[in-house]
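First comes the structure, then the notes that go with it.
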Amino acid sequence: MHVIHSGNVTVNTQCDYAPVTEEMGVRLPLLALLAKEPAHGYELKQALEQTFGAAYPSPNIGQIYVTLGRLEKDGLIRAVAVEQSSRPNKKVYFLTQQGREALIAWADGPLEGPRLRDEFFMKLVLAPMTGIADRGALINRQTRHFLGLMRELHHLSETTSPDDRYAHLLIEGAMLHLQADLDWLERCREELT
Amino acid sequence: MSEDPVVKTVNPVKIYQNGDVPVPAVRGVDLQVEAGEFVAVMGPSGSGKSTLVHMLGGLDQRTSGEIWISGKRADTLSESKWALLRRRGVGFVFQFFNLIGNMTVADNVELPALLAGASPREARQRREFLLGELGLAARADDPPARLAGGEQQRVALARALAHEPSLLLADEPTGNLDTRNTRDVLRLLSQVHKKGQTIIMVTHDHRAASCADRVISLLDGQIVDDAPIPAARRGPRRNAGDVIELRG
Ligand SMILES: Nc1ncnc2c1ncn2[C@@H]1O[C@H](COP(=O)(O)OP(=O)(O)O)[C@@H](O)[C@H]1O
Ligand SMILES: [Mg+2]
């Protein structure tokens with residue numbers, strides 16, 4: 001992370017995005033898929049691939065079982081064994097109330113900048129599938145949040161001495177980033193709602 | 001005492017005719033704007049933003065629905081009554097600025113003030129203030145044709161504000177401007193807004209929109225969001241780092 005100091009203004013110019021954590025990359029998609037309907041491990045892997053296509057690297061089946069085990073241990077999902085006549089029993093997973101609440105909490109919170117493109121994207125794709133949030137509402141909420149940030153930057157620009165040219169350039173850079181994210185949200189709205 | 005809203009619309013619809021094909025540009029945008037509000041209208045190209053503000057300013061006839069300006073029914077007015085209403089109470093900046101070619105910049109700006117009943121002295125003072133704020137004081141005696149597009153656009157804004165209208169309608173007022181001129185325009189809009197000016201501004205620029213108190217998003221001629229912009233947190237000694245760090 002780079003931090004540039006200029007007078008009393010500090011702008012963090014970090015623009016590399018946060019790495020996809022297991023939490024975001026596997027746990028939440030699995031919870032979202034299970035909010036739609038109970039499923040076993042292999043079905044979940046297929047559903048992940050179908051949902052995201054090339055947009056997101058699908059984890060291997062081993063990773064999925066490990067994550068399912070953790071989610072179960074955390075009380076977010078539970079498993080029942082379903083008998084199969086010619087094969088060993090199959091474990092079918094379903095979402096618990098606690099799991100549903102965790103999912104809703106995730107879907108409801110607005111996101112800050114740099115993680116937008118991965119995490120908001122996940123919300124946009126997954127949330128309507130689960131019926132817990134509507135895409136239009138997600139886009140509206142995120143847009144308002146960013147407009148609020150933009151307003152802060154404006155205020156900051158007004159209260160920063162006009163002589164502090166570096167500070168103004170940094171603020172302007174932050175505004176341009178935000179503008180790009182807002183434009184992208186508008187595109188999402190045009191395409192997806 | 002409850003004041004009438006400056007703008008109120010009831011299910012206004014605008015359908016253009018394109019050959020044989022009807023083009024629905026605005027499809028029932030119910031809107032209420034109170035005195036002193038600064039509203040930004042956003043949305044992708046073709047979503048009906050210009051058509052909406054043209055209807056609010058009487059430049060386009062609505063196909064159906066009602067438009068009320070300061071408590072008076074406006075959509076049923078004749079052309080000449082609309083012209084009178086605009087002269088008294090509505091200022092415009094539109095995508096095409098329509099400055100009067102054979103008058104100086106100064107006269108272009110003073111004219112609406114004079115038409116609205118200001119004394120020559122008041123009109124001149126107002127003009128000097130507006131052109132000064134927009135960095136155009138030195139161009140006062142030029143004909144508009146000698147100005148660059150962005151300068152003409154700023155003159156159009158000064159002209160729209162000259163008679164201190166109760167409603168300012170602005171369609172992409174920063175559309176052709178570079179960053180510095182955009183900042184001047186936004187600063188002036190914020191300044192007149194603080195003094196109570198009601199503003200409806202169409203823009204596709206989120207930086208411009210964030211100067212407003214409220215943003216209305218259009219898509220395909222309908223409102224998809226209408227919400228206040230969350231107020232800036234004004235803690236002691238906030239700096240850019242605090243704002244950007246929020247994103248980390
Ligand atoms: N005079 C006109 N005749 C026919 N169609 C028009 C006319 N003006 C606008 N439209 C159409 O109406 C829709 C909305 O246009 P407009 O209000 O200019 O959108 P915006 O300002 O959001 O870009 C578009 O599909 C546009 O092509
Ligand atoms: Mg337009």
Side-chain angles (χ1 to χ4, degrees), chain A residues 1 3-15 18 110-116 136-137 139-141 143-160 162 164 166-168 170-183 185-187 189-190 193, chain B residues 38-47 49 174 178-180 182-184 186-187 189-191 193-194 203-220 222-248:
Chain A
M1 181 176 99
V3 177
I4 296 178
H5 294 274
S6 159
N8 69 343
V9 172
T10 313
V11 174
N12 167 5
T13 63
Q14 171 184 16
C15 45
L111 301 166
E112 304 304 340
R115 288 170 77 191
L116 174 71
I139 293 170
N140 286 348
R141 194 182 312 134
T143 299
R144 292 174 196 173
H145 180 70
F146 277 172
L147 282 169
L149 287 182
M150 188 72 95
R151 201 182 167 104
E152 289 192 18
L153 287 169
H154 246 297
H155 178 65
L156 190 63
S157 170
E158 278 167 16
T159 53
T160 298
D164 201 344
Y166 292 134
H168 279 285
L170 291 172
I171 293 166
E172 195 178 328
M175 284 177 153
L176 288 168
H177 276 285
L178 216 53
Q179 168 104 0
D181 284 340
L182 281 157
D183 286 344
L185 285 170
E186 196 169 282
R187 288 287 305 129
R189 170 142 56 202
E190 274 181 88
T193 63
Chain B
F38 185 172
V39 178
V41 178
M42 302 199 74
S45 177
S47 56
K49 307 182 295 295
T174 61
D178 62 19
T179 304
R180 183 190 294 246
T182 295
R183 210 165 53 205
D184 286 345
L186 295 179
R187 191 186 299 129
L189 288 176
S190 298
Q191 200 177 335
H193 169 51
K194 274 191 199 116
T203 182
H204 64 261
D205 179 349
H206 290 95
R207 284 181 286 171
S210 72
C211 293
D213 313 313
R214 172 179 162 200
V215 173
I216 292 174
S217 305
L218 294 186
L219 187 64
D220 294 334
Q222 291 181 306
I223 294 181
V224 290
D225 196 21
D226 179 352
I229 298 181
R233 286 162 287 187
R234 277 158 205 250
R237 270 189 69 89
R238 286 189 64 75
N239 63 29
D242 298 326
V243 175
I244 313 306
E245 228 80 72
L246 285 174
R247 314 174 76 205

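These values consider heavy atoms only, across backbone and side chains, with no hydrogens, waters or symmetry-generated copies. Here is how names work: the chains are called A, B, and so on, in the same order as the sequence lines, proteins then strands, and each is numbered from 1.
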- Item | Any residue meeting side-chain contact (heavy atoms from CB on, under 4.5 Å) with His193(B), in chain and number order, not counting sequence neighbours | Phe38(B), Ile199(B), Asp213(B)
Can you tell me which portion of [X] sits under 4.5 Å from chain A's heavy atoms? Options are side chain, backbone, both or neither.
X         : answer
Val215(B) : side chain
Ser217(B) : side chain
Asp205(B) : both

- Item | Heavy-atom pair with the smallest gap, counting every atom of Cys211(B) and His154(A) | SG-NE2, 3.6 Å
- Message: Between Arg189(A) and Glu186(A) (salt bridge meaning N to carboxylate O under 4.0 Å), is one present in this structure?
- Response: no
- Looking at residues at least two apart in the chain, or sitting in another chain, which of them share a side chain to side chain donor-acceptor pair (under 3.5 Å) with Arg141(A)? none
- Between Pro44(B), Ser190(B), Pro228(B), Ala212(B), the one whose heavy-atom pairs under 4.5 Å with chain A are most numerous: Pro44(B)
